[in-house]
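Have a look at the structure below before the remarks.
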Protein chains: 2
Amino acid sequence: MTAHADLTRNQSLVLDRLEKAEAPLSAYAILDQLREEGLRAPLQVYRALDKLLDMGLAHRLESLNAFVACARPNCHASGLIAFAICEKCGQVAEFSDDIVHERLHDWAHREGFVVSRTTMEIRGSCRACAA
Amino acid sequence: MTAHADLTRNQSLVLDRLEKAEAPLSAYAILDQLREEGLRAPLQVYRALDKLLDMGLAHRLESLNAFVACARPNCHASGLIAFAICEKCGQVAEFSDDIVHERLHDWAHREGFVVSRTTMEIRGSCRACAA
DNA sequence: ATCGCGGCGTAATGTCGTAACATAAGCGTC
DNA sequence: GACGCTTATGTTACGACATTACGCCGCGAT
């Protein structure tokens, strides 16, 4: 388990659950797991998640309304992350592609579009589940 | 206004509102607009939306939990569509890029991942709003 | 005719996310 | 130390998005 020494208690609890999960967790699923730790309201989880997202330690999957821990140990940002989400087993693969990043960047530049955030999510079946 | 002759009443009503809107609409926003037409429950809207999505006449923006009419007259599918969503004015640009499509397809092929659906959404400011 | 199917209507419920308000701990400044 | 600032926290209530369950109707195919 990585250190994350600078996290607050709630943030650590939330990140810990995300890291132990084998599939994305909804905020409410996290909350349910943390009731025994004393958490009682969704906002406590959402606040922790916001910080974790800011720090790049977790990601939000928009198409699932759920969250995952960042796959790379201490990624702290990086270009543009894409997610491949298996609809059978729930596993999420995280990858990035510079060419894709560049193409989208070029498009934005041509259009004068100022990008603040990009989400890219592929739904389907992973190799194991596609059999 | 395009013909869409084969649509049911509810589907036509919903598509009509999406086409007239200048920004993505949530299902409940559509419902509110259609109360005077007799619609009363969310499900009536969601059912129509499901069909419109199937037919490729509308798209769902996952990062917004909202819907837009397809930008192209009678697109009926096409490769991989990306959306650029202006967070100021709400306008959505729809585009596609074969190279991006190819890169993602290649990644999936290498991983043995069977794709069912891909979402790509860029958030930011359009040219007009970035000034 | 009747069976199956697709669309429709309604009510209730489930899931996800936030507003508004209050409290407490840390920290620098005067 | 007293003050003001900032950040994290806790609690209640609410708003926003989506689905489940049930039943009816119309229509084409057998």
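Here A/Arg110 pairs with nothing under the salt bridge (charged side-chain N to carboxylate O under 4.0 Å, His left out) rule; sequence neighbours left out. Looking at residues two or more places apart in sequence or on another chain, you find no salt bridge (charged side-chain N to carboxylate O under 4.0 Å, His left out) involving B/Glu102. When the salt bridge (charged side-chain N to carboxylate O under 4.0 Å, His left out) test is applied to B/Asp32, the partners found at least two apart in sequence or on another chain are B/Arg35. Residues passing the salt bridge (charged side-chain N to carboxylate O under 4.0 Å, His left out) test with B/Glu62 are B/Arg60, B/Arg117, sequence neighbours excluded.
Spacing between atom OH of A/Tyr46 and atom P of D/dG15 amounts to 17 Å, rounded to whole angstrom units. Protein atom CG of B/Leu13 is 15 Å distant from nucleotide atom C1' of C/dG9, rounded to whole Å. Spacing between atom CG of B/Asn65 and atom P of D/dG15 amounts to 18 Å, rounded to whole angstrom units. If you take CG of B/Asp50 and P of C/dG7, they are 11 Å apart, rounded to a whole angstrom. The separation between A/Leu31 atom CG and C/dT18 atom C1' is 15 Å, rounded to whole Å. One atom, CG of B/Asp32, and another, P of D/dA16, lie 10 Å apart when rounded to the nearest Å. Protein atom CZ of A/Phe67 is 10 Å distant from nucleotide atom P of C/dC16, rounded to whole Å.
Contact between the side-chain N/O atoms of A/Ser26 and the OP1/OP2 oxygens of C/dC16 is found at a separation under 4.0 Å.
The salt bridge (charged side-chain N to carboxylate O under 4.0 Å, His left out) analysis of residues 119-131 of chain A, with sequence neighbours excluded, yields the pairs A/Glu87-A/Arg123.
For A/Tyr28 and C/dC16, the ring-to-base geometry satisfies the stacking test (centroid distance below 5.5 Å, interplanar angle below 30°).
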Contacts under 3.5 Å, N or O only, protein and nucleotides 6-12 of chain D:
residue : atom : partner : partner atom : Å
D/dA8   : OP2  : A/Lys51 : NZ           : 3.4
D/dT9   : OP1  : A/Thr8  : OG1          : 2.8
D/dT9   : OP1  : A/Asn10 : N            : 3.4
D/dG10  : OP2  : A/Asn10 : ND2          : 2.9
D/dG10  : OP2  : A/Gln44 : NE2          : 2.6
D/dG10  : O5'  : A/Gln44 : NE2          : 3.2
D/dG10  : N7   : A/Arg47 : NH2          : 2.3
D/dG10  : O6   : A/Arg47 : NH1          : 3.2
D/dG10  : O6   : A/Arg47 : NH2          : 3.3

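Using modelled atom types, one side-chain atom of B/Glu94 and one backbone atom of B/Ala71 make a donor-acceptor pair closer than 3.5 Å.
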